[in-house]
Each structure stands twice: as C-alpha cells, then as structure tokens.
Amino acid sequence: MDDFIDGLMSKMTLHEKIGQLNLCGAGDIYTGPIASSDIASRLRKGEVGGILNLKDVEAVRKIQDIAVKDSRLGIPLLVGLDVIHGYVTVFPIPLGISCSWDMPAIEQSARIAAIEASADGICWTFSPMVDICRDARWGRMSEGSGEDIYLGSRIAEAMVRGYQGEKPFKNRDNILACVKHFALYGAPDAGRDYNTVDMSRLRMFNEYLPPYKAAVDAGAATAMSAFNVVDGIPATGNKWLLTDLLRDQWGFDGFVVSDASSISEMSAHGMGDRQDVAVLAANAGLDMDLGSECYMGTLEKSVAEGLVPVTQIDNACRRILEAKYKLGLFKDPYKYCDTSRPSKEIYTKEHRDFARSLAAKSMVLMKNEGNILPLKKEGKIALVGPILTDTKEIQGTWSFPGQPERYTTILDAFKNAAGDKAEILYARGCGFADGGNDWQKRNYVYDKGPDFKLRPGTEAESDEAVRIASEADVVVAFFGEHEMESGESSSRTELSMAPAQRELLKRLLATGKPVVLVYFIGRPVVLDWESENVPAILNAWFPGSEAGDALADIIFGDVNPSGKLTTSFPRNVGQIPLHYDELPTGRPNNNGDRFAKFTSSYIDGPNSPLYPFGYGLSYTTFEYSPMRLSSDRMTEDGKITLTVNVRNTGERDGDEIVQLYIRDLVGSISRPLKQLKGFERIHLKKGDAKDVKFTIDADMLKFYNSALEYVCEPGDFEVMVGPNSAQTEKRMFTLLPQ
C-alpha cells in the first residue's frame, strides 16, 4: 500500500491532492447545507475525493465511471451515506436498539446494514454515533446509545465490527465505519443542538470520551468532527482533539471528516474568514471537508503563503487514499457496483425476520398493572392513533434509504395477527399537534426539511375513537412523537405528551375500558401523568420497518418483552440533565424522595427518575439469590468471581438482563455513586434458574485521576447486582495495595 500510494502521490498536483480532501453532496437526500454542485465536471478535474447522499447502484456506477475513466489519474471515489439504523431493512432507532443490551444482535444489525448499503453502491457510513447524552431535550439522543459510558463503549465496538467485518474490508459487503461526533457533542448547553459544550478535561476523560476510544480501538476507519467547541475551540479546528488526543495518544490511523459545512461554520464561532478557518482545520488534522468547499477554495493560497505546510496536505491526502486502498477500490473501482446484488441482498426475508426480532427486543415494558398485557386474541380490540396506517412514521429519524411503501402498517399487522379470533376496530382519533397556531408552527418547522406534514385531529375523529373504545373490550392507544420531533435539529423544551393526545387519552380512560398506551418516542419523555393513570405502558421507541409485526408479537404475547432502559426517564424537565451515575454530594438527601432542608433536593419534587437506568418489565418474574464473592480481597493483578443465581419464577419463558455495578468508596477524586461494569442477557424457561458469573478485575476499577492518569487505587469498593440501577444488592470488597 505504501509503495502504491507513494507512486500515485508523486504524480499528483497540489490541486489534485486537495481535491481528494473534498467531500461533495450529490443526489437529493436532505442532511443540511451542502455547497457543492456540478459534480461531473469537477470529477474530471480531480476536485472530488468522495460523494455523499447518492444511492442506487447504477447511479453510483455511472459517477464512479467518470472518476475512473475521465479524470487524469483515475482515482476512484468514496461513496458515503448516513446509514444509521439499517438501510431498506430499517431497525429501531439506535437508542431503541441499545435497550436490547444484546451485543451480538446489535453487531448483526450493523452487518445487515452494511450488506444492504454496499449492495446499493455505498462503501462508507457515518455511523456509529457514540455521543453520551444525559439531557433528553437534545433531539439527537435518538441516534446514540443513551447515558452510560460502559454500555455505550460495548455498543460502539459492536457497530464498528458489524460495518467493517471481522477481517475489515476483505469482502464486498464490508464498509467504512465513522465514529462520531468527535467529541462531546451530546452535552450541549440547554440541550440545544449545535450549542456550546464546556466541561473539564477530567469529566471528558471519565464520562464522555470512553465510547469514542472504544470505537477507535475496535478499528474504526474514519471519524467525524463535532459542531461544538471543545475548550473554546471548535472541534473541527481543534488540534489537541484531532491530533494530540486522537492520533498521538489513541493511535488512530484513519482519516477525519468534518460534519456538514462545519469548517465554514467556524467563522460564526468567531474563528476568522473562510481562509482562516480552513487553515485552522487543516493544521488541526482535519482531513476531509464535507460540503463547505473551504479546502478547495483556499488551501492552495494558504500553502503558497506558508500558512499550511505541504506535509499537512500530503498526510491528509495519504490517509484518504489509504482508505480507498484498504477498501480495494484501486484494485476494483466497481467493487460496490454489482447490479445483480440489490435484488438478492436488500430487504430479504432473513433481514426482515431479524429486524422484527430486534424491534421486539428493543421495546421496554414500563408498566403492566393487573397484567393487562399480553392481550388475548379474542373479542373486540380498539386501536387508536395517528401512526397506525403510516409506514413512514414507524421508521424514525435518519432512515432516508427506507422504502415505506414496502412495509406493513401496524393496523394490518394486528389484523393479520388476530385473524378471525378477534375483531380489530380502528380510529385515528388525533394527530401529533393541536390545531391553530401550534399546528401551523410545527408544520412550518417540518416543511423546512423533507416533505413531512402534520395534521391535527378533528373533533369528529376524537369522537369516533371514543365510540369504538366504548364498543371494545380493550383499547390500545398508539401515541407519541412525530418522527421529526427527535433527531438532528429537533431539540425540545417540553417533553410531555401533546395536549391533543393527552386529552383523547383521558377520554379513552373515561370509558372504563382497559387501556394500553404504546408510546413512540426518540428520547426519554415525561410520563408522570401517564404512569399514574394508564394501567399499561409499552415504550416502542421508533421500531423500524417491521414495527407492525414486532408490536403485534409483543402485545399478543408471542414474544415476551425484555428491553431495559439505557437512559433515565425524568419526572419533569426540571430534573434534566439526569443520569444514574452521578457524583456524591456533601449534603445528600437521605430522606428518601421527600424534601429535606439543607440537602441536595428539590422543594417541589423528588430527586429520583420516574424510571431508572436499566429498568424494564417482563411478562414473567425473576428472583435473584444473594450474591456470592469468591473473596472479599484482591490485588491489582488478581480477580474476584461474583456469582448470582437468577430464577424465572413466573409462568412464561423470558429473557433477563443481569446488571453489575461498582462504586469506589474512597478515591483521590470524587467517584460516582455507582457505575455499570458488566451485564449478561440470559434466557430462562419458566421455573428454571441459572448461575450468572462476573469476573471483577483491576480494569473495572480504573479511572482518570486529576493528572489524567488511568489508574486504580487501593481501598474499599461496593459491588452491586440487580435487574436495574435502582434495585440492587450490595457487597463489599477491598483492593489491596501493591
């Protein structure tokens, strides 16, 4: 590879080298402001290194043809797309997938996404997004894996392996992964997208950076810079972040691409004009410019003026050419252009069956008073809600490649599942917004992007829903967010149910019929009223292309729910940011959830979340035995084995997710009250039991101290095991000094 790229670069002009650093938009997929145009003529001049937002294998082949046959050096293109949670087979949103806690399944979801995307000409995805988020107001929480660094790190590794393959890039269905957004993007002030992020280095290293590093250690081929500032300097032009940390400390050897137009947007941060910000980015180690055209328009001038060393351009160009070489594009530029693949490898029955299973695993049963669920396939079942006949909404954010015309509606799936055993009644009942100004305001926002339209419910539709509910034996209300109310540029100040939906829900409850709430969301929301008044609540997230069948599987009990939350659900927005692994305070509230003066508590509400991290119910029950430790002492090179016996004490087979937490009781810096350090997803038939074993070693106890050294310190620790972060048994052990 080195010899080949040396030879190629010796033939390249500076203009052509900078051309390799230029990533241009093509096609009509909307992801934000892209300044590029006239792709074909620019390809012929060697001014484009990659394109994004073009799909369809024949279209990709045509544009690759121009790059290979009509440019002076015939350098093939990278073709990228936001393949975030599946391609045509759409999986649940990433936050939903994370609630499965199923690493092999999560890896397989990325593998299938890579197979389908590569079959359609794509060789690079801008995923996984591994940003830790503790603020549900931020809409892009839907695209990540929640609040926890340990679980987020394991998911990051799984996704990278799934996209790139066990032997990266050997096969034609392996694609480049891109870890994003580097770094800290999930912690914006006020939960407002693109906003300022400010935190100490200590917090960065202990609470936000680990998932990025896990993705890098797993071999992620590319990384994407973030929109936000880090230590006051935009991430896109931050040399400490992109070179000192990412390359020199972590050993990342891939290339870094900007987020859409984030180089030019550094001007708005106050970093100078287009030439200034291009200089800042290039010297920081930002290799590829997505959409701003700052590199193409100014870097030659900056090199001539001595502002950017030629070696910076050469290094960036080399890293991009290396990615193309590793993908095998120089050997076969049409590796991803086999027109026979799409019909055989996209949206296959095997992929659909897997997506259906994963969607069911991702759903979280929040409440099931009186065991209303699962429903029997009998009598009259009323289905109410605006999403029941719309196959686009069920996909959720970032699902551009989806083909909703091929998907089964929720209404049809329930009719198919019930067959002639039960009568399914249906009414839309309401919309996603109220009428008048609220509706107009929301339509104004959504019409800025793709053609998503909201329509409020009418009084007649609401009355029809109440009428069928009165006739039915049970009511299932499918409410929640519109898909555009979460995702990029979808920050919210209020997280409660839309007033029109809440009002209809009250009317449905007033019929006296049992009501099940199935909630579609892309983030944690406020469910305090619903939790108090609705007997059964199923958090469906946005389940993807197979949502209808997966929901029918859960509601009718063909599948036992097993998902557990990867993010805490607040009681109200005033509790945000909220996460389970908080640091202790010198004035803790030890008065339960009741207010106590001069303690860290609220006058008007509890500290605790409504639903804690790790929480989720099942149609069966599990009993944990007291844990057993092989020893209560260990050395830094030793280990302790923890064993807990888990028994299925209910009447159904089911899956349980056993969670291990550890607290460092005394440290050189304040340490969290508990941190997830292990988990195991187990399947138990009714009446069966299993010993679950965890090995505790020194790596589990390490953290970054005030000198940013990664250490474990001798002393006492609490170890906790249980079904969620709030319900655990505690034991003590001691790490002995060396």
Side-chain angles (χ1 to χ4, degrees), residues 1 50 52 55 57 60 64 76-91 94 97 100 102-130 145 153-180 211-224 250-257 319-338 340-342 344-348 350-351 354-355 358 401:
M1 180 177 71
L52 76 158
K55 66 186 186 73
V57 65
V60 170
Q64 193 71 279
L77 288 167
L78 293 175
V79 181
L81 188 70
D82 286 286
V83 183
I84 305 302
H85 52 110
Y87 192 68
V88 175
T89 304
V90 182
F91 303 109
I97 290 177
S100 73
D102 189 331
M103 297 306 110
I106 291 172
E107 181 174 337
Q108 182 63 10
S109 75
R111 181 88 295 276
I112 290 173
I115 290 169
E116 293 196 359
S118 64
D120 220 13
I122 311 302
C123 62
W124 183 20
T125 177
F126 304 113
S127 174
M129 192 198 95
V130 302
S145 297
S153 297
R154 304 293 77 77
I155 291 173
E157 296 163 348
M159 295 292 285
V160 169
R161 288 193 302 266
Y163 288 132
Q164 297 188 167
E166 290 185 8
K167 296 181 178 179
F169 320 126
K170 180 179 180 181
N171 300 323
R172 63 180 184 174
D173 58 13
N174 302 150
I175 63 177
L176 299 171
C178 183
V179 58
K180 65 182 190 184
Y212 304 108
K213 187 175 187 300
V216 168
D217 290 344
T222 69
M224 178 179 283
W250 291 1
F252 176 69
D253 63 357
F255 73 83
V256 181
V257 61
R319 287 191 279 259
I320 291 162
L321 295 176
E322 285 176 351
K324 295 180 179 184
Y325 189 97
K326 291 173 183 176
L327 280 174
L329 293 176
F330 286 110
K331 183 178 180 181
D332 179 9
Y334 305 104
K335 177 181 177 181
Y336 298 95
C337 296
D338 182 347
S340 70
R341 288 185 63 194
K344 296 181 293 185
E345 299 182 32
I346 294 179
Y347 201 53
T348 65
E350 179 186 3
H351 293 176
F354 177 82
L358 183 56

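Worth knowing before you read on, the calculation uses all heavy atoms, side chains too, and leaves out hydrogens, waters and symmetry mates.
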Over all heavy atoms of both residues, which pair between [X] and [Y] is shortest? Give the atoms and the distance, please.
{"X": "V60", "Y": "G121", "value": "CG1-O, 3.5 Å"}
{"X": "Q164", "Y": "G219", "value": "NE2-O, 2.9 Å"}
{"X": "P342", "Y": "A119", "value": "CG-O, 3.3 Å"}
{"X": "A215", "Y": "A156", "value": "CB-CB, 4.1 Å"}
{"X": "P128", "Y": "M159", "value": "CB-CB, 3.8 Å"}
{"X": "L358", "Y": "A105", "value": "CD1-CB, 4.1 Å"}

Does the [X] side chain pair with the main chain of [Y], one donor and one acceptor, at a distance under 3.5 Å?
{"X": "K180", "Y": "F126", "value": "yes"}
{"X": "E157", "Y": "A218", "value": "no"}
{"X": "R161", "Y": "A110", "value": "no"}
{"X": "K213", "Y": "W250", "value": "no"}
{"X": "Q64", "Y": "C337", "value": "no"}
{"X": "T348", "Y": "E345", "value": "no"}

How many angstroms lie between [atom1] in [X] and [atom2] in [Y], if you round to the nearest 0.5 Å?
{"X": "I346", "Y": "I112", "atom1": "CD1", "atom2": "CD1", "result": "12.5 Å"}
{"X": "L81", "Y": "I122", "atom1": "CG", "atom2": "CD1", "result": "5.0 Å"}
{"X": "E116", "Y": "D173", "atom1": "CD", "atom2": "CG", "result": "11.5 Å"}
{"X": "L329", "Y": "L77", "atom1": "CG", "atom2": "CG", "result": "9.0 Å"}
{"X": "N171", "Y": "E166", "atom1": "CG", "atom2": "CD", "result": "10.0 Å"}
{"X": "S109", "Y": "Y163", "atom1": "OG", "atom2": "OH", "result": "6.5 Å"}

- Item | Those residues that, when tested against F354, pass ring pair (Phe, Tyr, Trp, His ring centres under 6.0 Å) (two or more places apart) | F91
- Any side-chain donor near an acceptor of the partner, S145 and R154, under 3.5 Å: no
- Where does the angle between the aromatic ring planes of W124 and F255 fall among parallel (under 30°), tilted (30 to 60°) and perpendicular (over 60°)? perpendicular
- Query: Does the side chain to side chain contact (heavy atoms under 4.5 Å, CB included) test come out yes or no for I155 and M103, once each step is laid out?
  - Reply: CA-CA 7 Å; I155 291 173; M103 297 306 110; 3.8 Å; yes
- Test item: L78 and C123 side chains (from C-beta on) under 4.5 Å apart, heavy atoms: yes
- Message: Assess whether a salt bridge exists between E322 and R319, defined as any Lys/Arg side-chain N lying under 4.0 Å from an Asp/Glu carboxylate O.
- Response: no
- Determine, step by step, whether N174 and S118 satisfy the side chain to side chain contact (heavy atoms under 4.5 Å, CB included) criterion, reporting the C-alpha distance in whole Å, the side-chain angles of both residues, the deciding distance to 0.1 Å, and the verdict. CA-CA 7 Å; N174 302 150; S118 64; over 6 Å; no
- Item | Residue pairs, two or more places apart or on separate chains, that pass side-chain hydrogen bond (donor to acceptor under 3.5 Å, both in side chains) and touch residues 326-337 | D65-Y334
- Item | Residues that T125 engages under side chain to side chain donor-acceptor pair (under 3.5 Å), provided they are two or more places apart | none
- Show your reasoning for whether side chain to side chain contact (heavy atoms under 4.5 Å, CB included) applies to V179 and V160. CA-CA 8 Å; V179 58; V160 169; 5.8 Å; no
